[in-house]
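As the structure lists them, so they are numbered: ligands from 1, and atoms in each ligand from 1.
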Amino acid sequence: MENLGGRRPRTGAPPGPVKLAVVGGGWAGLSAAIRLKQSGHSVVVYESAATPGGRARRVPWRSLGVDIDNGQHILLGAYAATLGLMDELGLEQEAMFHRMPLSIESADGGFRLKAPRIASPLNLLLGIAGARGMRAGERMSLIAAVARLRLSGWRTSADATVGDWLAETRQSPQMIASFWRPLCVAALNTPVEQASAQVFAHVLRDSLGGRRSATDMLLPRVDLSALWPDQAVRRLVAGPAGSAAWRPSHTVRQLSMGNGRIELDGTSYDAVILAANAASVQTLLTQLPARPGSADYLDMLSAFTYLPIATLTLQLESPWPDPAPMLLLREDPARLQFGQWLFNRKAYAKTPGATEAALLHVVVSDARALLGHGRQAAIPAIIEQVREQTRHRAPMPKVLKQHLIVEKRATFAAVPGLRRPPNSTPWPGIWVAGDWTDTSYPAVLEGAVISGKRAAEALMSAFRGQTPFEV
Ligand SMILES: Cc1cc2nc3c(=O)[nH]c(=O)nc-3n(C[C@H](O)[C@H](O)[C@H](O)COP(=O)(O)OP(=O)(O)OC[C@H]3O[C@@H](n4cnc5c(N)ncnc54)[C@H](O)[C@@H]3O)c2cc1C
């Protein structure tokens, strides 16, 4: 009876699928919609944007006439729910991803950790043993920190930050600067001083605590919408007319309920999944009458704070022949050199055209400092940073054009003690999904996919218990 509140069973209703809606066509919403459709329900997906994928979608770089991503993304072999969903959609992982074993290499050559393709945890041990830029004591502290975390069941104290945990495990300032800091901000988009040690431990558990393949790094070879959201939409609209619908460029503004049904912008549904960002979900839910627990639920939604991510794309005169798909950049904020990771599209894109092959992406997570100094000042400084730090590699061709995308509310800040809402809500017939729900992951793609799947399963199980017909 979960989340159906006081709604009466629709006794006497004709057997058949229930009519459902999903608000939000990001990775969470589409993951939910596919499950619902697979179970034979009629589902309508409303999405504000024209393109599926949400924060992980393709956007046009108009002046260049190419599509790029809303921001460079990286997935892990540990993303079992996402990879499983892609399999179900009939998408071949080899064609979609450039898969490489765990590898962190700095552009300037000062740091390199490459895990060999052997069983876990031996791959990590040998990777650390052969790493460049670490002293013997630092190798031991790194191994000891991960081993201790594993022995504790990947648990840290609930209110500890990653910074506290690094101090407790005696990581050197050099290791923090060259390894832990970039890893933490890349995984949680939150700096070590503020990031939750427990959420970081969950990321380490799912990658380092699993099989070797879980530590693999997966770079999308196609744009993020083409990775699976486009295919999900094709599946949703396939089949008997009216059984599923994709409503792009439609922002849902009104939510109401009455007579055991939910109304979205005047259309009535048996149940809905709100898979928008937490702020939009809050705006919609506040239109509903208060219920027991609803004030606390809304408080959780309003407690999130957000941090930006910037992706600077550079168009080069010709493709950069350097073989590394992904390199770590050393930050130097005093010189406005905010770049953290450099991606060379030529090294991993699927049959790139001439323009796409000549693109580099520079990622700046927690981009508050960049925004504080202004784009005009930061862009040339970051280009100079890339040139300086790759000097000893293949010469980088001239930069012809640049395009900076800043997603101001890229992810919630993964701070200690954050209360995250479950998929069920205090309102009958309404579930939520999104990377911000209580998945234990930080704001990442896998969390979004898992959340969508769980919301759909919770909705279906509630209906199985409540309605007289099989769903
Ligand atoms: C620049 C950047 C880089 C990132 N890098 C990584 C990475 O490397 N690896 C990783 O795993 N994760 C990364 N992430 C995080 C990842 O993109 C998100 O966790 C994931 O996309 C969240 O999906 P979602 O479906 O929960 O939310 P969203 O993608 O935000 O989807 C919500 C959707 O709801 C729509 N919507 C909102 N309100 C309404 C409304 N009222 N009516 C209709 N539609 C509405 C929105 O348009 C949006 O499409 C990154 C994020 C950004 C921004």
Give the atoms of ligand 1, by number and element, whose distance to some non-hydrogen atom of [X] is under 4.0 Å.
{"X": "Gly434", "result": "26 (O)"}
{"X": "Tyr79", "result": "10 (C), 11 (O)"}
{"X": "Ala443", "result": "15 (C), 19 (O)"}
{"X": "Val23", "result": "40 (C), 42 (N), 43 (C)"}
{"X": "His250", "result": "42 (N), 43 (C)"}
{"X": "Ala448", "result": "22 (C), 23 (O), 24 (P), 26 (O)"}
{"X": "Ala276", "result": "32 (C), 34 (O), 36 (N), 37 (C), 38 (N), 39 (C)"}
{"X": "Ser280", "result": "37 (C), 38 (N)"}

Look at [atom] and find which of [options] reaches it with the closest heavy atom.
{"atom": "atom 49 (O) of ligand 1", "options": "Lys408, Glu47, Arg247", "value": "Glu47"}
{"atom": "atom 32 (C) of ligand 1", "options": "Gly452, Ala275, Gly54, Gly24", "value": "Ala275"}
{"atom": "atom 20 (C) of ligand 1", "options": "Leu445, Leu224, Ile74", "value": "Leu445"}
{"atom": "atom 45 (C) of ligand 1", "options": "Ser48, Pro248, Ala410, Ala367", "value": "Ser48"}
{"atom": "atom 27 (O) of ligand 1", "options": "Met217, Gln72, His73, Arg55", "value": "Arg55"}
{"atom": "atom 1 (C) of ligand 1", "options": "Ile309, Thr439, Val364", "value": "Ile309"}

With a 4.0 Å cut-off, would you call Arg419 and Asp296 a salt bridge?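 A salt bridge is present here (some side-chain N lies under 4.0 Å from a carboxylate O).
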Could you tell me whether some N/O pair between [X] and ligand 1 is separated by less than 3.5 angstrom?
{"X": "Gly25", "result": "no"}
{"X": "Asn277", "result": "no"}
{"X": "Thr411", "result": "no"}
{"X": "Leu284", "result": "no"}
{"X": "Trp27", "result": "yes"}
{"X": "Glu407", "result": "no"}

Could you check whether [Y] and [X], counting side-chain N and O atoms only, form a donor-acceptor pair closer than 3.5 Å?
{"X": "Ser451", "Y": "Asn423", "value": "yes"}
{"X": "Glu263", "Y": "Ser268", "value": "no"}
{"X": "Asn70", "Y": "Glu407", "value": "yes"}
{"X": "Asn277", "Y": "Ser280", "value": "yes"}
{"X": "His250", "Y": "Asp265", "value": "yes"}
{"X": "Asp87", "Y": "Gln93", "value": "yes"}

Could you check Thr51, Asp69, Asp230 and say which one makes a side chain to side chain donor-acceptor pair (under 3.5 Å) with Arg58? Asp230
Pair Arg57-Asp223, salt bridge (Lys or Arg N to Asp or Glu O under 4.0 Å): steps then yes or no: CA-CA 7 Å; Arg57 71 174 189 285; Asp223 71 63; over 6 Å; no
Starting from [atom], locate the nearest protein heavy atom and write down its residue, its atom name and how far away it is, to 0.1 Å.
{"atom": "atom 42 (N) of ligand 1", "value": "Val252 N, 2.9 Å"}
{"atom": "atom 31 (O) of ligand 1", "value": "Gly26 CA, 3.6 Å"}
{"atom": "atom 18 (C) of ligand 1", "value": "Asp435 OD2, 3.4 Å"}
{"atom": "atom 25 (O) of ligand 1", "value": "Ala28 N, 2.9 Å"}

CZ of Arg205 to CD of Gln198, rounded to nearest 0.5 Å, is 8.0 Å
Rounded at 0.5 Å granularity, tell me how far CG in Leu371 sits from CG in Leu307.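 Leu371 CG to Leu307 CG: 10.5 Å, rounded to 0.5 Å.
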Less than 4.5 Å apart, side chain to side chain, heavy atoms only: is that true for Tyr297 and Asp299? no
For the pair Trp228 and Trp27, name the ring-plane relationship: parallel under 30°, tilted 30 to 60°, perpendicular over 60°. perpendicular
Relative to the ring of Phe304, is the ring of Trp436 parallel (under 30°), tilted (30 to 60°) or perpendicular (over 60°)? perpendicular
Under 3.5 Å, side chain of Gln287 to main-chain N/O of Arg253, donor-acceptor pair present?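 Side chain of Gln287 to backbone of Arg253: a pair is present.
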Give a yes/no on ligand 1: does Thr251 have at least one heavy atom closer than 4.0 angstrom to it?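 Yes, Thr251 has heavy atoms under 4.0 Å from ligand 1.
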